[in-house]
Amino acid sequence: MEGLNERQVEAVKSTTGPLLVVAGPGSGKTLTIIRRIAHLIHKGVSPENILAVTFTNRAAREMRERLHALLGAIAYSVFVGTFHLLGLRIIRENTTNKFVIYNREEQADLLQPLLHVSKAKAMEIADKISYIKSRATEPSQELKEVFEKYQTRMTSQNALDFDDLILKPIQLLDNTDLLKRYRANFRHVIVDEYQDINPAQYTLLRLLVGDNTTICAVGDPDQAIYAFRGADVRSFLSFEKDFLGTREVILNLNYRSSGNILGAADRMIHRNTHRIDKEIFTIKASGPLVVVASVPDEEAEGDFIAHEIESRIGGLSHYRLLNQTNERDIVDTPFCFSDFAVIFRTNNQAKAIEERLAETGIPCRILGKGSSDWGPRIYNIASFMKQFMNRTENRDHLFAMNAREFLETIGKDLQYDVDRVNDLAHQMQLIFGNEWTELVAGDMVNELNLLTPSDDFDSRAEVVTLMTLHMAKGLEYRVIFISGVEDGLIPYRTGNASESIDEERRLFYVGMTRAKEELYLIYKRRGVVYGKKTAREPSPFLFDIPASYIERITLPDRPKKLLRKQQMKLF
DNA sequence: AATCACCGGTTTTTT
DNA sequence: ACCGGTGATT
């Protein structure tokens with residue numbers, strides 16, 4: 001129990017009944033899960049009897065790596081994977097039929113000729129179908145016909161979509177013997193990011209958890225930001241009713257953010273209704289105030305960010321230089337570009353910022369849509385595979401390889417890092433069992449749709465990262481700039497009904513709590529919306545942060561030359 | 001096969 | 001304002 005705080009120890013040791021761990025941002029959530037698994041194994045639990053599920057490949061991989069670092073090879077016997085990987089394994093173990101897995105694009109390709117609509121429209125409908133399936137509900141009257149056509153088509157093509165990887169196992173487990181087998185196997189179940197579970201996944205989980213299963217759910221309802229794609233935070237909130245005899249542990253000690261940042265975020269999120277009320281504390285010193293900056297327009301915003309980054313690069317912490325304080329917790333290491341991230345609500349905000357940074361000579365990259373296969377390295381195995389397959393002379397050769405040879409080829413050809421190839425091998429093992437090396441590569445190619453996360457990126461790259469608030473979840477940076485903290489953007493408003501202020505507030509909370517040392521909240525007084533220049537108001541969420549946490553900076557309207565001067569005056 | 005004018009849409013996105 | 005897709009023209 002070394003290096004764990006009291007609450008974490010409690011979460012690690014409570015292995016008898018159901019356990020709900022409410023884990024605030026930066027509270028050592030993953031550490032706690034890893035140590036819980038290690039604890040179970042030390043107590044004599046066989047690693048095969050442990051199931052740890054996450055929602056993203058990124059999270060699963062991090063967990064596998066850390067578990068391996070702690071336990072060595074035995075870690076590979078624990079099932080650590082996404083819900084979809086688990087579903088795939090259950091399907092694999094219980095059906096002999098061949099099938100392919102369609103991604104969103106392939107779903108849209110199937111829908112398009114069926115409906116005679118544009119690709120974009122088909123994608124939209126694919127999203128809707130996915131939403132219906134993930135909520136495990138019936139399609140509405142208007143969608144019913146389309147939905148049924150789609151299902152028929154998928155069946156005839158022996159295709160499963162991502163949601164089927166959850167729904168199909170639910171059907172399969174409607175079999176007492178089979179259910180017994182799985183329950184006997186997965187005796188200890190841990191679910192990470194439980195606030196993001198959707199009803200279909202919840203149903204699968206309920207099936208797997210029997211009377212003798214210990215279930216441990218870890219998450220933070222304040223970071224539930226995926227309702228729009230079917231996640232339902234109510235599963236988290238009703239956990240204690242769902243699993244009788246639940247013990248609840250709150251991890252509220254934050255190891256990430258300095259005091260002012262955490263205080264500001266905490267007070268802000270307290271305005272939400274229907275919360276599990278928890279106070280959070282940081283072990284760090286109060287640090288610099290949160291900077292709330294009012295800037296005239298888009299260009300000024302980019303320039304401001306560029307300037308703030310520039311002034312820290314190659315020097316000591318700006319805060320220390322200016323204030324000559326000696327707070328122990330303010331890390332006394334020079335900044336590098338990868339210490340900074342700029343985050344925003346919508347992707348279209350990225351371009352303007354990127355331009356201004358590039359102009360100042362600050363290297364940056366935009367994370368998200370399509371960025372995974374940028375650059376000299378190919379990050380996406382699926383796209384690599386497709387290219388490889390298209391070189392016809394390789395095709396037969398590749399199909400005939402066994403799995404091990406196949407992965408080795410990718411090692412070489414992709415200059416993939418060894419860790420990644422090993423991890424991929426491990427995932428194969430999770431799906432196919434220990435005989436996976438005997439498999440022929442041709443059989444694995446669709447599984448690969450599942451194993452290729454778009455969130456796969458090199459975090460060590462020496463650049464400033466630009467991304468959406470959604471993408472930022474689970475990451476941390478020394479300095480965070482949140483751009484466009486404006487009404488209409490944060491919270492985002494479309495005018496149609498489905499929007500939730502609470503969810504938008506949580507999104508802002510996620511953004512704020514990414515910062516370790518410094519946080520900038522920037523709003524423009526004038527912005528461009530659908531090509532029209534309009535006056536903008538600061539986000540109403542800013543008014544929920546007590547003034548004592550904030551330092552306000554106002555950059556005047558042009559001329560731009562005043563910018564820097566004015567800024568200096570303010571310090 | 002490539003080019004271009006037009007049109008519609010314009011939030012977030014993992015698997 | 002601008003992007004991406006579409007369908008017509010070269």
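To find a chain, count down the sequence lines: A is the first, B the second, and so on, and within it residues start at 1.
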| remark: Note: for A:S130 and A:T346 on DNA chain B, the residue whose nearest nucleotide lies more 5' is A:T346
| A:K351, nearest nucleotide to its side chain (from C:dC3, B:dT13, B:dT15) | C:dC3
| query | Given atom NZ of A:K128 and atom C1' of B:dT12, what is their separation to the nearest angstrom? | reply | 16 Å
| request: Check each residue of residues 224-234 of chain A for a non-hydrogen atom within less than 4.0 Å of any atom in DNA chain B, then write out the ones that pass by number, or none. | output: A:F228, A:R229
| field | Options B:dT12, C:dT6, B:dT15, nucleotide nearest the side-chain atoms of A:Q112 | value | C:dT6
| Can you find a side chain N or O atom of A:N198 that sits less than 4.0 Å from OP1 or OP2 on B:dT14? | no
| task | Rounded to whole angstrom, note down the C1' distance from C:dC3 over to B:dT14. | result | 24 Å
| A:D502 has an atom CG; how far is it from atom P of B:dT12, in whole Å? | 21 Å
| said: Among B:dT14, B:dT11, B:dT12, which nucleotide has an atom closest to any side-chain atom of A:Y530? | reply: B:dT11
| said: How many whole angstroms separate atom CG of A:D127 from atom P of B:dT11? | reply: 13 Å
| note | Separation of B:dT14 atom C1' from A:F162 atom CZ, nearest Å, is 8 Å
| field | Close side-chain approach of A:F147 to A:E142, heavy-atom, < 4.5 Å | value | no
| said: Distance check needed: C:dG4 C1' versus A:M123 CE, whole Å only. | reply: 12 Å
| For atom P, what is the distance between C:dG5 and B:dT12, given to the nearest Å? | 16 Å
| Whether A:Y194 and A:F236 hold their rings parallel, tilted or perpendicular, with breakpoints at 30° and 60° | tilted
| task | Find the distance A:Y131:OH to B:dT12:P and express it as a whole number of Å. | result | 18 Å
| Rounding to the closest angstrom, what is the interatomic distance between B:dT11 and C:dT6 at atom C1'? | 25 Å
| Between A:Y492 and B:dT10, is there a side-chain N or O to OP1/OP2 distance below 4.0 Å? | no
| said: What is the separation between atom CD on A:E503 and atom C1' on B:dT12, rounded to the nearest whole Å? | reply: 9 Å
| Among side-chain atoms of A:D164 and A:Y102, is any donor-acceptor pair under 3.5 angstrom? | no
| request: Say whether, by atom type as modelled, one donor and one acceptor occur between the side chain of A:R256 and the main chain of A:T513 under 3.5 angstrom. | output: yes
| query | Between A:L555 and A:P296, is any pair of side-chain heavy atoms under 4.5 Å apart? | reply | yes
| note | Picking from B:dT13, B:dT12, B:dT15, the nucleotide nearest the side-chain atoms of A:M471 would be B:dT13
| Rounded distance (Å) that lies between atom P of B:dT15 and atom CG of A:L160 | 18 Å
| task | Could you check which of B:dT11, B:dT15, B:dT13 has an atom nearest any side-chain atom of A:R345? | result | B:dT11
| said: Check this for me: A:E148, atom CD, are more than 12 non-hydrogen atoms of other residues, nucleotides or ligands nearer than 6.0 Å? | reply: yes
| request: Could you pull out all residues at least two apart from A:A126 that satisfy side chain to side chain contact (heavy atoms under 4.5 Å, CB included)? | output: A:R104, A:Q107, A:L111
